[in-house]
Amino acid sequence: MIRLGLCCMFQEQPIKFANTTVTAIGRMNRADALAKLSRLCLQNAEALLASLRYCAGNDIGCFRVNSQILPVKTHPTSGYGIEELPDGQEIIRRFKECGKFAGQHQLRTSFHPDQFVVLNSQRADVVEKSLLELEYQAEVAEWIGADVVNIHGGGAYGDKSKALADFARNVDRLSVRARSRLTVENDDKIFSPADLLPICESTGIPLVYDVHHHRCLPDELSIEQATEKALATWNREPMFHLSSPLEGWDGPKPERHHDYIDVRDFPDIWRKKTLTVEVEAKAKELAVGKLLTDLKKGAKVDTPWFVYLLRCADGSLYTGISNDAPRRIEKHNAGTASRYTRSRLPVVLVYQEEQPGRSQALKRELAIKGLSRQEKEKLIKDVKV
């Protein structure tokens with residue numbers, strides 16, 4: 001069973017979460033500031049309940065809670081303990097009502113702390129703030145029954161092994177409440193699934209597998225292999241992430257998210273699994289609704305991918321992949337496809353071969369890149385374009 005998740009907010013529904021700024025709170029005396037924050041927290045508890053009601057009525061199985069559900073909670077000067085707020089106990093009661101509703105309707109909830117949460121930062125103050133933020137979100141997660149507080153691996157700082165060891169060491173500083181909910185996600189710049197799986201296995205922290213990030217930052221694992229290995233790290237229902245590239249996989253920045261999900265980006269291997277898939281798309285509930293419809297229709301178009309070789313103006317060879325080779329070559333010659341070919345124009349297509357999917361095309365691309373110049377020229381000679 002696939003449970004689709006909606007992330008944090010709505011595109012068209014009149015459900016809004018309240019927030020404020022440190023500057024605004026800082027202008028007020030402490031009593032007035034706490035009164036305002038108390039009102040905002042109550043308002044957000046009501047907005048969360050409305051969000052869960054929407055999800056329950058629209059076949060959405062999970063809702064990701066905004067990190068600022070309790071505004072400026074952990075700020076060093078404007079932050080507060082829930083017991084300081086005039087309505088502290090009522091706030092807790094209302095959030096627990098949200099948890100009760102979620103349980104009654106078999107809804108899942110999760111958190112995804114902001115990017116400033118970096119457990120392996122080289123700055124001690126950043127680590128301290130990160131731990132504080134995780135503890136706060138785990139506290140609210142406990143109230144509402146959320147079982148995931150998901151973060152990225154952080155930075156590599158020139159040494160991935162050391163960076164991951166620092167990550168693991170600081171995980172041990174978390175309370176049981178926070179650590180039992182903590183998950184880690186592969187990203188599109190630094191840590192791939194293959195990088196994180198060993199730390200997941202050694203710490204017991206589940207891997208939230210983001211297939212879009214993996215497509216942007218591939219490793220030796222196929223999507224199928226990464227899926228199975230990520231599933232094995234979970235002691236509860238697994239959670240994965242899905243998004244589609246804003247301008248397609250041949251676009252200039254495939255890491256940017258589209259408003260909607262192209263159902264072809266939903267891995268086949270996921271379809272028969274029991275898991276939560278959080279939909280990271282700008283159209284929010286509209287994107288989740290469309291994906292639900294597409295999946296129910298069984299919409300699937302098998303688009304072949306191509307591995308190609310270009311001969312550049314300086315005689316060098318460039319290897320790439322695309323599911324629309326002619327359009328990709330046009331982009332190369334327009335100087336918008338690759339930094340390498342941009343300074344070696346014009347380019348000419350001299351070889352291409354079809355692969356059944358992007359994963360296979362990536363593997364073949366790596367294999368061809370590993371060939372000698374002589375072996376590449378033999379490929380070109382043996383196959384006419």
Side-chain angles (χ1 to χ4, degrees), residues 7 64-65 67-68 73-74 76 110-142 146-221 225-241 243 255 275-276 278 280:
C7 297
R64 181 192 294 175
V65 181
S67 294
Q68 290 299 317
K73 174 70 167 62
T74 61
S110 70
F111 287 80
H112 194 351
D114 295 327
Q115 61 188 11
F116 64 78
V117 174
V118 182
L119 279 185
N120 66 353
S121 174
Q122 294 181 308
R123 289 176 50 186
D125 63 320
V126 172
V127 174
E128 294 300 326
K129 290 176 184 177
S130 299
L131 292 168
L132 189 62
E133 186 73 10
L134 289 172
E135 293 293 349
Y136 138 59
Q137 295 192 32
E139 180 181 20
V140 183
E142 186 175 62
D147 67 340
V148 169
V149 178
N150 181 53
I151 62 174
H152 290 283
Y157 309 111
D159 187 338
K160 280 188 177 182
S161 295
K162 181 182 181 301
L164 290 175
D166 290 343
F167 177 93
R169 187 180 66 255
N170 287 320
V171 162
D172 286 338
R173 298 175 62 189
L174 291 167
S175 67
V176 173
R177 176 170 64 188
R179 178 167 177 154
S180 66
R181 291 172 169 84
L182 190 69
T183 63
V184 64
E185 174 190 352
N186 59 295
D187 61 76
D188 58 7
K189 301 292 184 185
I190 301 171
F191 293 115
S192 73
D195 292 324
L196 294 177
L197 280 164
I199 204 74
C200 292
E201 292 162 3
S202 65
T203 62
I205 298 171
L207 176 67
V208 172
Y209 175 44
D210 189 312
V211 68
H212 187 154
H213 289 166
H214 192 199
R215 286 165 171 154
C216 293
L217 182 65
D219 51 26
E220 66 268 25
L221 299 175
Q225 290 170 326
T227 293
E228 295 294 353
K229 288 180 178 293
L231 290 173
T233 66
W234 286 84
N235 60 0
R236 53 197 184 275
E237 182 175 303
M239 178 178 287
F240 289 175
H241 287 176
S243 46
E255 67 274 11
L275 70 150
T276 299
E278 289 192 325
E280 298 188 324

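Index from 1, following the sequence. Keep in mind that the numbers below use all heavy atoms, side chains included, and drop hydrogens, waters and symmetry copies.
- Checked against the 6.0 Å centroid threshold, His214 and Tyr209 count as a close aromatic pair.
- Counting only heavy atoms from C-beta outward, the side chains of Leu164 and Phe191 approach each other to under 4.5 Å.
- Nearest heavy-atom pair across Thr183 and Arg236 is CG2-NH2, 3.9 Å.
- Looking at Asn120, its side chain never comes within 3.5 Å of a backbone N or O of Ala165 through a donor-acceptor pair.
- The main-chain N or O of Ala194 is found under 3.5 Å from a side-chain atom of Asp219 such that the two form a donor-acceptor pair.
- A donor-acceptor pair under 3.5 Å is formed between the side chain of Asn186 and the backbone N or O of Asp210.
- A 4.5 Å side-chain heavy-atom check between Lys129 and Glu133 finds every atom pair outside the cut-off.
- For the pair Phe167/Val184, a side-chain contact is recorded, criterion being any heavy-atom separation below 4.5 Å from C-beta on.
- By the 6.0 Å contact criterion, NZ on Lys160 is enclosed, its count of non-hydrogen atoms from other residues, nucleotides or ligands being greater than 12.
- Here the side chains of Leu182 and Leu134 are in contact, with some heavy-atom distance below 4.5 Å.
- Of the inter-residue distances, the one linking Lys73 atom NZ with Gln137 atom CD reads 10.5 Å to the nearest 0.5 angstrom.
- Atoms OG and CG, on Ser192 and Leu221 in that order, are 7.0 Å from each other to the nearest 0.5 Å.
- Residues Lys189 and Leu217 are not in side-chain contact: their nearest non-hydrogen atoms beyond the backbone lie 4.5 Å or more apart.
- A pairwise comparison of heavy atoms in Ala178 and Ala138 identifies CA-CB, 3.6 Å as the closest pair.
- Atom OG1 of Thr276 and atom CZ of Phe240 lie 10.0 Å apart (nearest 0.5 Å).
- The shortest side-chain heavy-atom distance between Glu237 and Asp147 does not fall under the 4.5 Å cut-off.
- For Arg123 and Asp125, the salt-bridge test passes: some basic side-chain N is under 4.0 Å from an acidic carboxylate O.
- Residues Cys200 and Leu207 approach most closely at SG-CB, 3.7 Å, considering heavy atoms.
- Here Arg173 pairs with Glu128 in a salt bridge; the nearest charged N to carboxylate O distance falls below 4.0 Å.
- Taking a cutoff of 4.0 Å between a charged side-chain nitrogen and a carboxylate oxygen, Lys229 and Glu201 do not qualify as a salt bridge.
- A distance of 11.5 Å separates OG1 in Thr74 from CG in Leu131, rounded to the nearest 0.5 Å.
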Could you go through Arg177 and Arg181, starting from their C-alpha distance and side-chain angles, then the distance that decides it, and tell me whether this counts as side chain to side chain contact (heavy atoms under 4.5 Å, CB included)? CA-CA 7 Å; Arg177 176 170 64 188; Arg181 291 172 169 84; 3.4 Å; yes
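- With Asp114 contributing its side chain and Phe116 its backbone, the two residues share no donor-acceptor pair below 3.5 Å.
- Taking SG of Cys7 as the reference point, atom CD of Glu278 lies at 4.5 Å (rounded to 0.5 Å).
- In this structure, NE2 in His212 is found 13.0 Å from NE2 in His241, a value given to the nearest 0.5 Å.
- At a threshold of 4.5 Å between non-hydrogen side-chain atoms, the residues Asp166 and Leu119 do not count as touching.
- In terms of modelled atom types and a separation under 3.5 Å, the side chain of Tyr136 and the main chain of Ser67 share a donor-acceptor contact.
- For Thr233 against Pro206, the heavy-atom pair with the smallest separation is OG1-CA, 3.5 Å.
- Among all heavy-atom pairs drawn from Ala168 and Thr203, the shortest one is CB-CG2, 3.9 Å.
- Considering all non-hydrogen atoms of both residues, Ile151 and Pro113 come closest at CG2-CG, 4.0 Å.
- In this model, a donor atom of one side chain and an acceptor atom of the other lie less than 3.5 Å apart for Glu185 and His112.
- A donor-acceptor pair is defined here as one N or O able to donate and one able to accept, closer than 3.5 Å; no such pair exists between the side chain of Ser110 and the backbone of Val148.
- Between the side chain of Ser130 and the backbone N or O of Val118, at least one donor-acceptor pair lies under 3.5 Å.
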Check step by step if side chain to side chain contact (heavy atoms under 4.5 Å, CB included) holds for His152 and His213. CA-CA 11 Å; His152 290 283; His213 289 166; 3.8 Å; yes
